[in-house]
Structure formats: structure tokens, C-alpha cells
Number of protein chains: 2
Amino acid sequence: MAGADSTLRRFVGYDMKRAFNLIQGDVNAVLKPFGLRMVTFSALCVIRDTPGLKQSRLAQILMIERPNLVLILDDLERADLVVRERSREDRRAFELTVTALGAQVCNQAVAAVERHDARMTSGLEGAEVQALHKALRQIELNGRSVNDPSDRSTGPVSPP
Amino acid sequence: MAGADSTLRRFVGYDMKRAFNLIQGDVNAVLKPFGLRMVTFSALCVIRDTPGLKQSRLAQILMIERPNLVLILDDLERADLVVRERSREDRRAFELTVTALGAQVCNQAVAAVERHDARMTSGLEGAEVQALHKALRQIELNGRSVNDPSDRSTGPVSPP
DNA sequence: TATTGTTATACTCTATAACTATA
DNA sequence: TATAGTTATAGAGTATAACAATA
């Protein structure tokens, strides 16, 4: 038989929602022993790779609103993984860096998430996983263009 | 330069979260004129394709908790798109069917979501979109196996 | 006047326990 | 006793307005 959700299975968004819900549940379980969630893990990685980063910039990179980032950084600072230091050039802003503990936890968490990722993509060949990354990034570009009419870099929206 | 989130870009989950957030925002905007959200649209489609469906079964199919489904069906019933009727065989249960209006709105919404889907996957060839569906469904299978050790149908988890 | 970080708030989505009515 | 649907509730995640300090 066809399956009760066969109409929905035609849509990428439906397959993606189901896959993502399972990934998110599993990755949060993987990160829990480190005291991290998906979003605090993401912030920790970006700060580690970009020392001195300002909060506004981090919010842009992760596409989250500034007010929501405050709580995420409070969380990371409380766990002694990240520090906020006043910028000397612009005393409104904070420069973000990871602590020694933060760098260590980040390394271990990245390794754990890599294992999680391998589990989630098992049964797919390397080329299939690369094609998946490519497709997801193309969709991200298309979605940005839809939400921001000034971005015509890839031209997927309706022609003039 | 490498991009501040290059560590995260290695993970399927990160690319998928970003792509899905954009898809979800766009599809909800597409569905708003129909008075639908992603989840009420999904429920409407499944009910239309499976007349007489019970609420418990629908919750299983869409992988949502029964209490949350109640509000979704209240929403659809209030809009006169779906009706709940007491089952004669089991008077605890409700049988779900779409109204004539529900069938009409479902048709139009499916067409609108098909156009949304084409927009989101533009720049990808048909074979790439098919490969995307395949990869997402494999991840869903892998994720189910992780969350339910009794499901070894595809064997992606650690061997005994 | 504009920007950085913050507070407060609200709205959605999701998850769990406990209730009712039926089986 | 077990199940179907419901209620109440609590926890995330997300979005906006308004404020203080600084530019």
C-alpha cells in the first residue's frame, strides 16, 4: 500500500522535518553529557574558531536574534567555557573567547558529534553524503533569496 | 577565508537545520492565506488520503504526541476543514474525515506547496532532488533505529 | 542619531502527567 | 486493567519592543 503520508512524502520539507527531528533529538542526547545543547555547541565552535568575535557578529553567523544569544552565552559563561571581555576599541561590545576548558570540551564534543553524524548517515556512501550537503546548501541559498529579495546571487526567484 | 562556521559545516545536522528553518518559514508564509500551518497542512493531507482515520493513528503517522494533535484538530475543525465523528465500533475513538471545503483547501494548498518546493529546490537537477529524498529517508531510518533499539531492520547501529 | 548588549515579554512547538469515558 | 481522547502544564525555541551605555 501507498502509506498514509504519500502525498507529503513528495515534499522535501516533510522528509527534512522528520529527518531533522530525529537528528536533533539524537545530537542533543549526545551533547547532554557535555552540558551542551545543539545551539550552545554551535556557538562554542564558532567562538573557538573565531577568537575575539563580537556577539552581534555571532548572532548573524548563527542566524539567531541578539536577545536569544544573550541567554546562550550566559549558559556558556556559567559553565566556564566562554568569557565575555569588553572591547577596547568599542566599549559597547564584548569580545568572545573560549577558556582552556571550553577548548577541551569543544574538541571532545566535536568528536562525539562526528560519531553521531556518521551514525545518522550510515547506509549512505561518501558521495551521497557530499551530495546531501550540496543540496542542503543550495536550499539554504534559495531560502535566503526568497526571504531577502535583494539577494539575487543565484537567481532562483521569479524573473523580472 | 574559511567561514566562521566551517567546523559546523562538516555536520549534516547543521546544514539541515539552516535549510529547514528557511523552508519552514517560507512554507508557513505560503500556507498562511489558507489558514494553515505546516502541521495542520500535514494533518489535513493525511486525513484526506485516509478517511475514517483515528486520532491515535494520525499521531503515530505524523510522529506527534496525542495531546498536541488535539489542538491541531480543534484548529482544523474550527475552520470547517475536518470533522470528528464517534466511531460506532469503538465509542472512545473519533473517525476523521475532511469536509468538502477541506478537500478543496487541501488541493489548493498542495499545489501551492508544490510551487514552494520547486522554488526551494531550484538550481538542483531532478536526480539531485531524488537523491536528497533518498538521503533524508535513510537518515530517518537511522534515527529511528537509534531511538528504538528494537528496530534493527536496516542495521545501522553497532553490531552485537 | 545609531549601535551593542540587555531585559521583558509573548507566541509557538513540544513533552508529560493525570483525568474521563469507554473497552 | 488498558486504551482514546482530553486537559493542564511546563519546557524549549523564537521573535519583537524598549531600555542603558557607548559610538
Where the side chain of B:Ser56 is concerned, which of D:dT16, D:dT7, D:dA4 is the nearest nucleotide? D:dA4
If I take atom CG in residue A:Asn68 and atom P in nucleotide C:dT7, what distance separates them, rounded to the nearest angstrom? 13 Å
Before giving the answer on side chain to side chain contact (heavy atoms under 4.5 Å, CB included), spell out for A:Glu128 and B:Lys134 the whole-Å C-alpha distance, their side-chain angles and the decisive distance to 0.1 Å. CA-CA 9 Å; A:Glu128 291 177 306; B:Lys134 184 196 174 215; 2.5 Å; yes
Quickly work out the B:Arg86 CZ to C:dA21 C1' distance and round it to whole Å. 8 Å
Whole-Å gap separating C1' (D:dT6) and CG (B:Leu71): 10 Å
Touch class at under 4.0 angstrom, heavy-atom based, for B:Arg91 against every strand present: sugar-phosphate
At under 4.0 Å between heavy atoms, what does A:Glu65 touch on the DNA or RNA strands: base, sugar-phosphate, or nothing? base
Go through D:dT6, C:dG5, C:dT7 for me and flag the one nearest to the A:Pro67 side chain. C:dT7
Calculate the interatomic distance between B:Lys17 atom NZ and D:dA12 atom C1'; express it in whole Å. 11 Å
Nearest-angstrom distance from the residue atom CG of A:Leu58 to C1' of C:dT4: 14 Å
Write down the distance between CZ (A:Arg66) and P (D:dG13), rounded to a whole number of angstrom. 19 Å
Indicate yes or no: at least one non-hydrogen side-chain atom of B:Val110 is less than 4.5 angstrom from one of B:Val113. no
Please state how far atom CZ in B:Arg88 lies from atom P in C:dT22, giving the value in whole angstrom units. 16 Å
By nearest nucleotide on DNA chain D, pick out whichever of B:Gln55 and A:Val39 is the more 5' one. B:Gln55
With a non-hydrogen cut-off below 4.0 angstrom, is A:Asp90 in contact with a base, only sugar-phosphate, or nothing? sugar-phosphate
The answer to which of A:Val70 and B:Glu89 contacts DNA chain C further toward the 5' end, by nearest nucleotide, is A:Val70
Over-ring placement of B:Arg86 relative to B:Phe94, 6.0 Å and 45° cut-offs: yes
Residue pair A:Gln55 / A:Leu69: nearest heavy atoms and the distance that separates them: O-CD2, 3.2 Å
Would you indicate whether B:Glu85, at its atom CD, is surrounded by more than 12 heavy atoms from other residues, nucleotides or ligands within a distance under 6.0 Å? no
When you check the phosphate oxygens OP1 and OP2 of C:dT4, does a side-chain N or O of A:Arg84 lie under 4.0 Å from one of them? no
B:Leu96 CG to D:dA4 C1', in whole Å, measures 12 Å
State whether the distance check finds a donor on one side and an acceptor on the other, under 3.5 Å, for side chain B:Arg92 versus base D:dT3. yes
